[in-house]
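Data first, discussion second: the structure below is written as C-alpha cells.
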Amino acid sequence: MICYAVIDTNVLVSALLSSKEDAATVQIVGKVIVGEITPLYSNIITKEYREVLTRKKFGFSSDSIEYLLSSMEKYGILIEPSSSGVTLPDIKDLPFYEVALEKCSDGAYLVTGNMKHFPKAPFIVTPKELIDILKIK
C-alpha cells in the first residue's frame, strides 16, 4: 500500500536532531527512504527545506541534507497545487497545506509537529499519528 505524505519542515528538522531511532519523526524519514511513504512536495517546499536545513544553528552536514533532499525528490512526487484561498496563521505553511489538499482525495496526509498552524482536518496528522495509521494499514 502506498502512503502519500506532505512532510512539514519541522518534521525533518526534528528527525535530524533526534538521537532516538524510535522517534516518530525518525521513523517517518526512514519510511521515506525505504519507499513506504511517498513524499509529495512542490518547488516552494523544497526551497524551504533547503533554506531551513542549511541554517548554521542546526549544524547539519551538507551530506546529510543532500541525502535527505535527494531521497525526497527520488521517491517523491512533485505537485503544483492550485490556490486554496485559505488563510493560515503562518503564510509559510500554505504551500504544505495546498499540496496536501490537492492530493487528500487520494489519501494523502500532511505530517506536522505544529498542528495549531493548520485547520482541523482528518488528513492533517502528527508524525506519531501517521506511524500509528501505517501500523493499521
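Quantities reported herein were computed from a predicted structural model and do not represent experimental measurements. Residue numbers count from 1 along this sequence.
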Would you mind reporting whether Phe96 and Thr9 have side-chain heavy atoms less than 4.5 Å apart?
yes
Rounded to the nearest 0.5 Å, how far apart are CD1 of Ile33 and CG of Leu68?
6.5 Å
Tyr109 and Ile133: CA distance, side-chain angles, deciding distance, side-chain contact (heavy atoms from CB on, under 4.5 Å) verdict:
CA-CA 10 Å; Tyr109 295 95; Ile133 289 166; 3.5 Å; yes
With clusters defined by side-chain heavy atoms of hydrophobic residues (ILVMFWY) lying less than 4.5 Å apart, directly or transitively, does Val125 cluster with Tyr4?
yes
Measuring from atom CG of Leu69 to atom CG of Leu53, what distance do you get when rounded to the nearest 0.5 angstrom?
6.0 Å
Quick check: do Leu88 and Pro119 have side-chain heavy atoms less than 4.5 Å from each other?
yes
Shortest non-hydrogen pair, Pro95 vs Ile91, comes out as CD-O, 3.8 Å
Does a donor on one side chain and an acceptor on the other come within less than 3.5 Å for His117 and Asp93?
yes
Minimal non-hydrogen separation, Ser42 against Val99, with atom names
CB-CG2, 3.8 Å
Is there a donor-acceptor contact under 3.5 Å from the side chain of Glu102 to the main chain of Ser82?
yes
Same cluster or not: Tyr67 versus Val29, using hydrophobic residues (I, L, V, M, F, W, Y) connected whenever any side-chain heavy atoms lie under 4.5 Å apart?
yes
Let me confirm one number: the CD1-CG distance from Ile124 to Leu110, rounded to the nearest 0.5 Å.
5.0 Å
What heavy-atom pair brings Ser84 and Glu98 nearest, and what distance separates the two atoms?
N-OE2, 2.8 Å
Is there a donor-acceptor contact under 3.5 Å from the side chain of Asp106 to the main chain of Ala108?
no
Just checking Ile131: does its CD1 atom have more than 12 heavy atoms from other residues, nucleotides or ligands closer to it than 6.0 angstrom?
yes
Distance in Å, Ile7 CD1 paired with Ile37 CD1, rounded so as to fall on 0.5 Å steps:
5.5 Å
Parallel under 30°, tilted from 30 to 60°, perpendicular over 60°: which one fits the rings of Tyr97 and Phe118?
parallel
With no hydrogens and no angle check, is any side-chain donor or acceptor of Ser18 less than 3.5 Å from a backbone partner on Ser14?
no
Is it the case that the side chain of Ser64 and the backbone of Phe60 share a donor-acceptor pair, with hydrogens and angles ignored and the cut-off at 3.5 Å?
no
Between Glu51 and Lys92, does any side-chain N to carboxylate O distance fall below 4.0 Å?
no
Can you see which heavy atom on Leu130 is nearest to which on Ala5, and at what distance?
CD2-CB, 4.2 Å
Are side-chain heavy atoms of Cys3 and Leu134 found at a separation under 4.5 Å?
yes
Enter the distance from Phe123:CZ to Ser105:OG here, rounded to the nearest 0.5 Å.
10.5 Å
Side chains of Glu66 and Arg50 in contact at under 4.5 Å (non-hydrogen atoms):
yes
With a 3.5 Å distance limit and no angle check, can you tell me whether Asp8 reaches the backbone of Val111 through a side-chain donor-acceptor pair?
no
Evaluate whether atom CD of Glu21 has more than 12 neighbouring non-hydrogen atoms of other residues, nucleotides or ligands under 6.0 angstrom away.
no
Is the shortest heavy-atom distance from the side chain of Met72 to the side chain of Ile45 under 4.5 Å?
no
I'd like to check Thr126 versus Glu129 (side-chain heavy atoms, cut-off strictly below 4.5 Å). Are they in contact?
yes
When rounded to the nearest 0.5 Å, the distance separating OH of Tyr49 from CD1 of Ile65 is 14.0 Å
In short, Pro127 meets Val11 closest at the heavy-atom pair CG-CG2, 3.8 Å
Between Val26 and Ala15, what is the shortest heavy-atom contact and its length?
CG2-O, 3.6 Å
Cluster question for you: counting only ILVMFWY and a side-chain heavy-atom cut-off of under 4.5 Å, with indirect links fine, are Tyr41 and Ile77 together?
yes
May I ask you to check whether over 12 heavy atoms, not counting those of Phe58, lie within 6.0 Å of atom CZ?
yes
